[in-house]
Colleague: 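Got a structure here, written out as structure tokens. Questions coming.
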Amino acid sequence: MAFAYLAPTLLVLAGLLGYPIYQLVLISLYDYNQEQVSGNAPLNFLGLGNYQKLLSDKQFWTVLAQTVGFAAVCVAGTLLVGTALAVLATRVRAVPRTLLFLAALGAWATPAVAGSTIWLFLFDANFGLVNEVLSGIGLHGMAGFSWTYGQWTAFGLVAAQVIWCSFPFVMVTLYAGIRAIPGEVVEAAALDGASTTRIARSVILPLLRPLLLVVTIQSIIWDFKIFTQIYVMTNGGGIAGRNLVLNVYAYQQAFAASEYGLGASIGVVTTVLLLAITVVYLRVLKRSGEVL
Amino acid sequence: MKRTWQPWGALAWLAGILFALPIGWMVLTSLHSEPDAATNPPSLTAPLTLQGYREFFGASTGQSSWPPLVNSASASIGSTVLVLLLAVPAAYALSIRPVRKWTDVMFFFLSTKMMPVVAGLLPVYLFAQKVGLLDNISYLVVLYTSMNLPIAVWLMRSFLAEVPTEILEAAALDGAGLITTLRRVVAPVAAPGIAATALICFIFSWNELLFARVLTGVVAGTAPVYLTSFVTSQGLFLAKVCAAAVVVSLPVLAAGFAAQDKLVQGLSLGAVK
């Protein structure tokens, strides 16, 4: 009976998610270009050929390393900012707290395209507010400094934008988590003479651990899949592709170069990597006894 | 308990202003004239004008910017309606009349969110090319539905779980069917949560770039796609670009602020129960 309510949703998901995955794996096994799509050339079964080509390509490994490093910085930054602001929000009066939440909501809801555009503009070499302020406080070298030209400053700028639009999730979740801790627990610890840092470390942190795990792994999955910000802010992957991450790389291979087979194999590799993270995620959740 | 000392308050103000700065700056620049927007140093006190917005909507080129906005609106609203139609019964089944092994079902829903979009996009693109669905807004509606369905079920389950089972049992005893129960018993309690879920789906669809970029062209292009090409072609006109960014952001920001409390609850994904 209850299953009947569930069935339409499951059917739609199986059709619209299951079928593409099946197709994706299939395409990744063929030499598949625009000619094959239009039927002008015969399909050529390669087996694992695309994967061999991919794994022996130096650029793939560079992009993979960049993706991992970039995601790591974004995750660390997001967690740091989100946690700090969540703690801050529990300690201030209603008005500044509302301001914090409004800023967070704005950062979260702003379309990534618009957010990326405005960040580029803030950090513009000649007209940007940031360079203006920096050279105004004495860093004269910053006037006319291009943030998007250097590989690392470009990555840093994109990471800052990603952190800006993903910290709200961490902040709101942890804020709710801290609020859910019974006041008596904290008061009892304080009566026993525990210092603030001691309470934070020995009382609040263990209670928040399951939530911290959730937000950490969700952030990893999220930041591993970054597309829009890199695509918009580094103009499709930076000069000579040096700001590419896996998702943008797959996009460039599949859609810009029409190498559908190769693009599909990148998609499969990324999916497998994320699936591995997902399995760890579910394991951890089940072990910590978190009932969702 | 002394929880509110001044230094924390000051820090919160500072952080709030800093994190709101990009949006504030975008709005301010969009209201400047082009020469004022491009001055070095940037001017804070320049006179305000709606020129950027008039330009964006084609005051001098005659090229209207409405079609992409209308496309985005239909894709977002259409997919949100479909999501609700599918997700409400599913979430109802999972929360109020628990299916056996419902946690496994929930994990399945969550795990679908973890696929990289590019991976799903390629087959979807080739399929569309084959059957001629490229540049068609209804194809986007269907895809956005599947994109948002898992998260919608996930969110709505936690909202519907707040409906007390006793009322449902009473309704069942009185012989109420599914439709009656949903409409007269569940809806009043769960309406704010359903509204929040709808808003979140709307925001996600409105902001989506990758699918729209690949699958649409001149006819069905959505607002984010239009904005990226607008930035490329008009990048030197800062006020105009900022006006465009504001227009594209406005519907979601308005929707977000209108439903702040519920969104905050939704953002935390029911992780805290």
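The sequence lines fix the lettering, A, B, ..., with proteins before strands; numbering per chain opens at 1.
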Colleague: Which bit of B:T145 comes within less than 4.5 Å of chain A, counting heavy atoms only: side chain, backbone, both or neither?
Modeller: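 It is neither, since no heavy atom gets under 4.5 Å.
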Colleague: Can you tell which part of B:V252 gets under 4.5 Å to a heavy atom of chain A, answering side chain, backbone, both or neither?
Modeller: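 Contact with chain A involves both backbone and side-chain atoms of B:V252.
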Colleague: Does atom CZ of B:F127 have more than 12 heavy-atom neighbours from other groups under 6.0 Å away?
Modeller: no
Colleague: Does B:C242 offer a backbone N or O that forms a donor-acceptor pair with the side chain of B:T29 under 3.5 Å?
Modeller: no
Colleague: So what's closer than 4.5 Å to chain B heavy atoms on A:L10: side chain, backbone, both or neither?
Modeller: side chain
Colleague: Does any backbone or side-chain atom of A:F227 lie under 4.5 Å from a heavy atom of chain B? Answer side chain, backbone, both or neither.
Modeller: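 For A:F227, the side chain is the part near chain B, not the backbone.
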Colleague: So, for A:A264 and A:I27, which heavy atoms are closest and what is the spacing to 0.1 Å?
Modeller: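 Taking every non-hydrogen atom into account, CB-CG2, 3.9 Å.
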Colleague: Below 4.5 Å from any heavy atom of chain A, which atoms of B:A87 appear? Answer side chain, backbone, both or neither.
Modeller: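 Only the backbone of B:A87 comes within 4.5 Å of chain A.
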Colleague: Among B:L250, B:L21, B:V225, B:L121, which has the most heavy-atom pairs under 4.5 Å with chain A?
Modeller: B:L121
Colleague: Is chain A contacted by the side chain of B:V246, its backbone, both, or neither, given a heavy-atom distance below 4.5 Å?
Modeller: neither
Colleague: Among A:G267, A:A109, A:A254, single out the residue with the greatest number of heavy-atom pairs under 4.5 Å to chain B.
Modeller: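 The answer is A:A109.
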Colleague: B:V214 versus chain A, heavy atoms under 4.5 Å apart: side chain, backbone, both or neither?
Modeller: side chain
Colleague: Checking the side chain of A:N50 only, and the main-chain atoms of A:S265 only, is there a donor and an acceptor separated by less than 3.5 Å?
Modeller: no
Colleague: Non-hydrogen atoms of chain A under 4.5 Å away: do they reach the side chain of B:L122, the backbone, both or neither?
Modeller: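 Looking at B:L122, backbone and side chain both touch chain A.
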Colleague: Quick check: closest heavy atoms across B:A12 and A:L100, and the distance to 0.1 Å?
Modeller: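 Distance-wise, the nearest heavy atoms are O-CD2, 3.8 Å.
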Colleague: What heavy-atom pair brings A:Q253 and A:G263 nearest, and what distance separates the two atoms?
Modeller: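 Residues A:Q253 and A:G263, closest heavy atoms: CB-CA, 4.3 Å.
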Colleague: Out of A:Y22, A:Y231, A:W119, return the one with the most heavy atom pairs under 4.5 angstrom to chain B.
Modeller: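 Most heavy-atom pairs within the cutoff with chain B belong to A:Y231.
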Colleague: Looking at A:A250, A:P8, A:G106, which one has more heavy-atom pairs under 4.5 Å with chain B than the rest?
Modeller: A:G106
Colleague: At a heavy-atom distance under 4.5 Å, which candidate from B:L227, B:V124, B:L253, B:L126 has the highest pair count against chain A?
Modeller: B:L126
Colleague: Does the B:E208 side chain pair with the main chain of B:A212, one donor and one acceptor, at a distance under 3.5 Å?
Modeller: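 Yes: the side chain of B:E208 pairs with the backbone of B:A212.
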Colleague: Between B:S72 and B:L69, is there a donor-acceptor pair closer than 3.5 Å when you use the side chain of the first and the backbone of the second?
Modeller: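 Not at all, since once roles are kept as given, no pair shorter than 3.5 Å links the two residues.
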Colleague: Hey, which of B:P22, B:P224, B:A245, B:A20 has the most heavy atom pairs under 4.5 Å with chain A?
Modeller: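 Result: the option with the highest number of such pairs is B:P22.
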Colleague: Could you check which of A:F224, A:F167, A:W164, A:Y251 has the highest count of heavy-atom pairs closer than 4.5 Å to chain B?
Modeller: A:W164
Colleague: We want to know whether A:N247 and A:T270 form a side-chain donor-acceptor pair, criterion being a heavy-atom distance below 3.5 angstrom.
Modeller: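 There is no such pair (donor and acceptor under 3.5 Å, judged by atom type) between the side chains of A:N247 and A:T270.
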Colleague: Would you mind telling me which of A:L16, A:L120, A:T9 has the largest number of heavy-atom pairs within less than 4.5 Å of chain B?
Modeller: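 So the answer, after comparing A:L16, A:L120, A:T9, is A:T9.
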